[in-house]
S.K.: 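Have a look at the structure that comes next, please.
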Amino acid sequence: MAANTAIEWTKHTFNPWWGCTKVGPGCDRCYAETFDRRVGGDHWGAGMPRRLVKDWSKPRQWNREAAKTGERSWVFCASMADIFDNEVPDEWRERLWALVRECRNLNWQFVTKRVGNVKKMLPIDWELNFRHCGLIATVVNQDEADRDISKLTSLKPTVAWIGLSIEPQIGPIDLSPWIDSLDWIITGGESGHGARPFNPHWALSLIEQGRRAMVPVFVKQMGANPIDLKLIDRKGGNWDEWPDALAVRQMPRVSFPTDLPL
């Protein structure tokens, strides 16, 4: 699916700003922080300035293309930040909501590690004018699942669809208390030097949980340190190398209101 990104579960990535603060074990080896520093940035950590990106034209281009072709495009916002970061100025978010409100031919995917902040940071017209958007909470182990998934599911009445990003998955997770409320599950192992182990049985468990509840599951990668798998791809992202039972990449089954442009 990917067009201008290496992330397999989306077509486009749009970053309105860069920068974040680590808030949990899933952040320990943050690829976005590493890339930011590689290009000379210093936008990570409490009190550090976030960098507003100058060019916001791409979503409007993708929106026009989608209107022309009749095919909605998936857009992940934002891979280099967390939209619901407390240290982002409110006016940046308001500008983003205006852009998203305008670009209604796109399926927006918002991923956050701060699901507790979402309700107070959504625009007042979210339920009415943002039915083309989904919200994904990141949890990486059972402790985070127990802490955060109920916060996510409590938003369901006002959000078109909700999902989980269990990446990097660092332990087994039982989703049975909440799975009937979920619309999508993403899982994957950690990549890069020093990657923590990823047990493929954790992914198999999620696939089975999703199958029983009819919730789509997307297995992104085995990571750089999969247990009992010898892979050539350094990120473990080539599903041709995986056992067949793991080769599951399903997208959410999203229904859009009839008043949307496409």
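Bear in mind the structure is a predicted one, so any value in this text is a computation, not a measurement.
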S.K.: Using the rule that Ile, Leu, Val, Met, Phe, Trp and Tyr join whenever any side-chain heavy atoms are under 4.5 Å apart, tell me whether Val39 and Trp17 fall into a single cluster.
M.R.: yes

S.K.: Test your reading of the model: is there a side-chain donor-acceptor pair from His201 to the backbone of Pro172, 3.5 Å cut-off?
M.R.: no

S.K.: Can Phe14 be reached from Phe35 by stepping across I, L, V, M, F, W or Y side chains whose heavy atoms are under 4.5 Å apart?
M.R.: yes

S.K.: So do Asn238 and Ile232 actually touch side chain to side chain, heavy atoms under 4.5 Å?
M.R.: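 They are not in contact (no side-chain heavy atoms under 4.5 Å apart), so the answer is no.
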
S.K.: Does a side chain donor of either Arg101 or Asn129 reach within less than 3.5 Å of an acceptor in the other side chain?
M.R.: no

S.K.: I'd like to check Ser73 versus Glu65 (side-chain heavy atoms, cut-off strictly below 4.5 Å). Are they in contact?
M.R.: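 Answer no - side chains too far apart.
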
S.K.: With heavy-atom distances below 4.5 Å as the criterion, would you say the side chains of Leu164 and Leu175 are in contact?
M.R.: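 Yes, their side chains come closer than 4.5 Å.
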
S.K.: Compute whether any side-chain donor of one residue and acceptor of the other, for Thr10 and Gln109, lie under 3.5 angstrom apart.
M.R.: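 There is such a pair (donor and acceptor under 3.5 Å, judged by atom type) between the side chains of Thr10 and Gln109.
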
S.K.: In Å, rounded to the nearest 0.5 Å, how long is the span from CD of Glu8 to CE of Met251?
M.R.: 11.5 Å

S.K.: Establish whether Val88 and Leu135 are linked, either directly or via other cluster members, by ILVMFWY side-chain heavy-atom contacts under 4.5 Å.
M.R.: yes

S.K.: Identify the heavy atoms of Arg249 and Val219 that sit nearest to each other, and give their distance.
M.R.: NE-O, 3.1 Å

S.K.: Are any non-hydrogen side-chain atoms of Phe218 and Leu206 less than 4.5 angstrom apart?
M.R.: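 Answer no - side chains too far apart.
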
S.K.: Give the ring-plane orientation class for Trp9 versus Phe76, where under 30° counts as parallel, over 60° as perpendicular and anything between as tilted.
M.R.: tilted

S.K.: Using side-chain contact (heavy atoms from CB on, under 4.5 Å) as the criterion, point out the one residue from Thr138, Leu152, Ile136, Val118 that pairs with Thr112.
M.R.: Val118

S.K.: Within 45° of the axis and under 6.0 Å from the centre of the six-membered ring of Trp92, does NZ or CZ of Arg50 qualify?
M.R.: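 No cation-pi geometry.
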
S.K.: Could you check whether Thr153 and Ser181, counting side-chain N and O atoms only, form a donor-acceptor pair closer than 3.5 Å?
M.R.: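 No, no side-chain donor-acceptor pair sits under 3.5 Å.
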
S.K.: If we ignore hydrogens and angles and just use 3.5 Å, is the side chain of Thr34 paired with the main-chain N or O of Cys30 as donor and acceptor?
M.R.: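 Answer holds: yes.
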
S.K.: Any side-chain to backbone donor/acceptor pair from Lys22 onto Asp28? Under 3.5 Å, distance only.
M.R.: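 Yes, Lys22 side chain to Asp28 backbone: donor-acceptor pair under 3.5 Å.
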
S.K.: What distance separates Leu52 CG from Arg95 CZ, expressed to the nearest 0.5 Å?
M.R.: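 Separation between the atoms: 5.5 Å.
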
S.K.: Is Asp183 reaching over with its side chain to a backbone N or O of Ile162, donor-acceptor style, under 3.5 angstrom?
M.R.: yes

S.K.: Would Ile149 end up clustered with Val159 when hydrophobic side chains under 4.5 Å apart are linked, directly or stepwise?
M.R.: yes

S.K.: Would you check if the side chain of Glu87 reaches a backbone N or O of Cys20 as a donor-acceptor pair within less than 3.5 Å?
M.R.: no

S.K.: What's the separation between atom CG in Asn117 and atom CG in Leu122, rounded to the nearest 0.5 Å?
M.R.: 10.5 Å

S.K.: Taking the inter-plane angle between the rings of Phe198 and Trp202 on a 0 to 90° scale, is it parallel (under 30°), tilted (30 to 60°) or perpendicular (over 60°)?
M.R.: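 Perpendicular, since the angle between the ring planes exceeds 60°.
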
S.K.: Has the side chain of Asn15 got a donor or acceptor atom that lies under 3.5 Å from a matching backbone atom of Ser79?
M.R.: yes

S.K.: Would you confirm whether Gln169, through its side chain, and Gly171, through its main-chain N or O, come within 3.5 Å as a donor-acceptor pair?
M.R.: yes

S.K.: Answer whether the closest heavy-atom distance between the side chains of Asn86 and Thr21 falls below 4.5 Å.
M.R.: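 Side-chain contact under 4.5 Å: no.
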
S.K.: Spell out, yes or no, whether Val115 and Val23 are grouped together once hydrophobic residues are joined by side-chain heavy atoms under 4.5 Å, including indirect joins.
M.R.: no

S.K.: Donor-acceptor pair, distance only, cut-off 3.5 Å: does the side chain of Asn199 make one with the backbone of Ile227?
M.R.: no

S.K.: Taking only residues two or more places apart in sequence or in another chain, which ones pass side chain to side chain donor-acceptor pair (under 3.5 Å) with Arg37?
M.R.: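 Per chain and number, Arg37 pairs via side chain to side chain donor-acceptor pair (under 3.5 Å) with Glu33.
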
S.K.: Would you call Trp74 and Pro252 a side-chain contact if the rule is heavy atoms closer than 4.5 Å?
M.R.: yes

S.K.: Once side chain to side chain contact (heavy atoms under 4.5 Å, CB included) is applied, do any residues pair with Pro216, and if so which ones, sequence neighbours excluded?
M.R.: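 Pro216 satisfies side chain to side chain contact (heavy atoms under 4.5 Å, CB included) with Trp184, Gln250, Arg253 once adjacent residues are dropped.
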
S.K.: Take His43 and Trp18 through the ring pair (Phe, Tyr, Trp, His ring centres under 6.0 Å) test and state the conclusion after the steps.
M.R.: CA-CA 7 Å; His43 305 101; Trp18 285 26; 7.2 Å; no

S.K.: Anything under 30° is parallel, anything over 60° is perpendicular, the rest tilted; go ahead and classify Phe130 against His132.
M.R.: parallel

